[in-house]
Amino acid sequence: MFTKQGPTVRELAVQALSSTERGYDLLAPKFDETPYRTPDRVLDAVTRAVRELGPFDTGLDVCTGTGAGIGVLRQLCRERAVGVDFSAGMLAEARAALPPGSEGPAVHWVRADARSLPFAPAFDLALSFGAFGHFLPAERFGLFAEVYGSLRPGGQFVFPLGAPPPVGSRAYWSLFGFDAAMRVRNALWRPRFVMYYRTFRLGDVLEDLTQAGFVVRLLPLTDLGLRPDGSPRARLVVATREGQDVSGGS
């Protein structure tokens with residue numbers, strides 16, 4: 001499905017009937033052949049925008065998956081980049097794609113749940129791509145608080161956020177239908193597979209980031225295009241842990 005190298009319909013069905021963690025373990029070997037991987041144009045646009053916010057010494061990719069965000073951090077960080085994910089299968093693919101000894105900052109992989117990050121305040125920069133649909137709205141504040149606690153004073157948490165599709169558009173109904181199907185699946189089947197597209201709304205996200213202690217601003221990602229009304233199709237959320245940066249990083 002998607003490409004000849006991608007998962008079959010049967011494989012996707014088995015994944016969908018598994019837990020979130022087990023589902024990604026199963027999908028991992030073929031994940032980068034699916035549309036679920038963050039497109040390179042998004043990664044490139046974020047890299048260009050975040051470079052203007054640096055410099056950075058250390059970076060954390062939250063829910064790294066197969067390591068797309070580590071590719072961004074390796075371009076932005078001078079000393080160290082860490083990818084964290086709860087799926088052993090996804091981390092295995094990430095490690096294989098970036099063997100030890102590669103040029104750039106030191107790279108480390110950590111298996112952990114993002115809702116309980118095992119880090120002291122050690123990072124100048126944290127980012128995440130495409131993972132927030134795996135967290136229920138009630139978990140979002142706790143997730144942001146964990147990232148906050150992993151950043152040094154002055155550290156920044158960044159991620160792209162697309163504008164919602166127009167109400168009534170094909171994209172709107174497609175996302176609505178997917179979320180509705182997932183709600184039915186999770187009501188009828190255990191273990192749950194948590195993946196929703198319409199629960200990460202900008203207003204709620206900004207409120208939770210602020211309550212977690214961040215100071216937040218939005219930057220337009222104009223490289224990703226404009227909507228018919230002239231507004232950007234995507235923005236970069238920049239959440240800063242205020243305070244003096246004792247590391248000399250960001």
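Side-chain atoms are counted along with the backbone in the values below, which use heavy atoms only and exclude waters and symmetry mates. We count residues from 1, following the sequence as given. None of these values were measured; they are calculated from a predicted model.
Put simply, the side chain of R41 reaches to within 4.5 Å of the side chain of L224, judged on heavy atoms. Counting heavy atoms from C-beta on, the side chains of V107 and I70 come closer than 4.5 Å. With contacts defined as side-chain heavy-atom distances shorter than 4.5 Å, the pair F157/V237 does not qualify. Between T199 and F135 the shortest side-chain heavy-atom distance does not fall below 4.5 Å. The side-chain heavy atoms of L219 and V158, taken from C-beta on, include no pair separated by under 4.5 Å. A 4.5 Å side-chain heavy-atom check between F214 and T240 finds every atom pair outside the cut-off. Side-chain contact between E11 and K30 is present, with heavy atoms from C-beta onward closer than 4.5 Å. At least one side-chain heavy atom of Y36 sits under 4.5 Å from a side-chain heavy atom of F31.
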Run the side-chain contact (heavy atoms from CB on, under 4.5 Å) test on V216 and T210 for me, step by step, so that the C-alpha distance in whole Å, both residues' side-chain angles and the decisive distance to 0.1 Å come before the verdict.
CA-CA 7 Å; V216 189; T210 301; 4.2 Å; yes
Run H134 and Y24 through ring-ring contact (aromatic ring centres under 6.0 Å, His included) and show every step you take.
CA-CA 11 Å; H134 296 305; Y24 273 97; 5.0 Å; yes
Just do the side-chain contact (heavy atoms from CB on, under 4.5 Å) check on Q75 and R51 with the steps written out, would you?
CA-CA 9 Å; Q75 299 178 65; R51 183 173 284 118; 3.9 Å; yes
V238 and L53: side-chain contact (heavy atoms from CB on, under 4.5 Å), yes or no, with the steps?
CA-CA 9 Å; V238 180; L53 307 176; 4.0 Å; yes
Steps toward side-chain contact (heavy atoms from CB on, under 4.5 Å) verdict (W109, V84):
CA-CA 6 Å; W109 309 100; V84 61; over 6 Å; no
Please test R80 against D57 for salt bridge (Lys or Arg N to Asp or Glu O under 4.0 Å), starting from the C-alpha separation and ending with a verdict.
CA-CA 7 Å; R80 182 167 61 108; D57 288 333; over 6 Å; no
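We find the CG-CZ distance between L221 and R233 to be 13.0 Å, quoted to the nearest 0.5 Å. Between F119 atom CZ and L151 atom CG the span is 11.0 Å, to the nearest 0.5 Å. Atom CG of L27 and atom CZ of R22 lie 11.5 Å apart (nearest 0.5 Å). Rounded to the nearest 0.5 Å, atoms SG (C63) and CE (M90) are 10.0 Å apart. Here L161 contributes atom CG and L236 contributes atom CG; the two are 10.0 Å apart, rounded to the nearest 0.5 Å. Within the model, atoms CG of L117 and CG of L143 stand 7.5 Å from one another, a figure rounded to the nearest 0.5 Å.
Heavy-atom minimum distance, P191 versus R185: O-NH1, 2.7 Å. Among all heavy-atom pairs drawn from A171 and P165, the shortest one is CB-CB, 3.7 Å. Shown here for P7 and L12, the closest heavy-atom pair between the two residues is CG-CD2, 3.8 Å. When all heavy atoms are compared, the tightest approach of A145 to A212 is N-CB, 4.0 Å. Annotation for R241 and G149: closest pair NH1-CA, 3.9 Å, computed over non-hydrogen atoms. Residues F86 and E21 come closest through the heavy atom pair O-OE2, 3.3 Å.
Between the W189 side chain and the L17 main chain, a donor and an acceptor come within less than 3.5 Å of each other. Using a distance-only test at 3.5 Å, with no hydrogens or angles considered, no donor-acceptor pair links the side chain of R140 to the main chain of F132. Side-chain atoms of S169 come within 3.5 Å of backbone N or O of P166 as a donor-acceptor pair. D124 places a side-chain N or O within donor-acceptor distance of the main-chain N or O of T58, the cut-off being under 3.5 Å. A donor-acceptor distance shorter than 3.5 angstrom exists from the side chain of S18 to the backbone of V14, with no hydrogens or angles considered. Using a distance-only test at 3.5 Å, with no hydrogens or angles considered, a donor-acceptor pair links the side chain of D85 to the main chain of G65. For the pair N186 (side chain) and V194 (backbone), a donor-acceptor distance under 3.5 Å is absent. E93 contributes no side-chain N or O that, together with a main-chain N or O of G89, makes up a donor-acceptor pair within less than 3.5 Å.
Between E139 and R115, at least one side-chain N (NZ, or NE/NH1/NH2) sits under 4.0 Å from a carboxylate O, which counts as a salt bridge. Between R201 and E207 there is no salt bridge, since no side-chain nitrogen of the basic residue lies less than 4.0 Å from a carboxylate oxygen of the acidic one. Using a 4.0 Å cut-off between charged nitrogen and carboxylate oxygen, R48 and D223 count as a salt-bridge pair.
Cluster membership check: Y196 does not share its hydrophobic cluster with V205, using side-chain heavy-atom separations under 4.5 Å among Ile, Leu, Val, Met, Phe, Trp and Tyr. There is no path of hydrophobic side-chain contacts, each under 4.5 Å, that joins M195 to F159. In terms of hydrophobic clustering, with Ile, Leu, Val, Met, Phe, Trp and Tyr side chains grouped at heavy-atom distances under 4.5 Å, F144 and L206 are assigned to a common cluster. A continuous path of Ile, Leu, Val, Met, Phe, Trp and Tyr side chains, each step under 4.5 Å between heavy atoms, connects L202 with F200, placing both in one hydrophobic cluster. A continuous path of hydrophobic side-chain contacts links L73 to V46 [ILVMFWY only; heavy atoms under 4.5 Å].
Just one of L127, L60, V62 meets the side-chain contact (heavy atoms from CB on, under 4.5 Å) condition when paired with V147; it is V62. The side-chain contact (heavy atoms from CB on, under 4.5 Å) with V72 is formed by just one residue from the set L125, D44, T38, L43; it is L43.
Shown here is R192, whose CZ atom has no more than 12 heavy atoms of other residues, nucleotides or ligands within 6.0 Å. Enclosure of atom CZ in R170 is not indicated, since only 12 or fewer non-hydrogen atoms of other residues, nucleotides or ligands lie within 6.0 angstrom.
Looking only at atom types and distance, the side chain of T66 has a donor-acceptor partner in the side chain of D32 under 3.5 Å away. With 3.5 Å as the limit, one finds a donor-acceptor pair spanning the side chains of D229 and S231.
Figure legend: R198 and Y172 shown as a cation-pi pair, the cationic atom lying under 6.0 angstrom from the six-membered ring centre and within 45 degrees of its axis.
For F56 and F123, the ring centers are positioned 6.0 Å apart or more.
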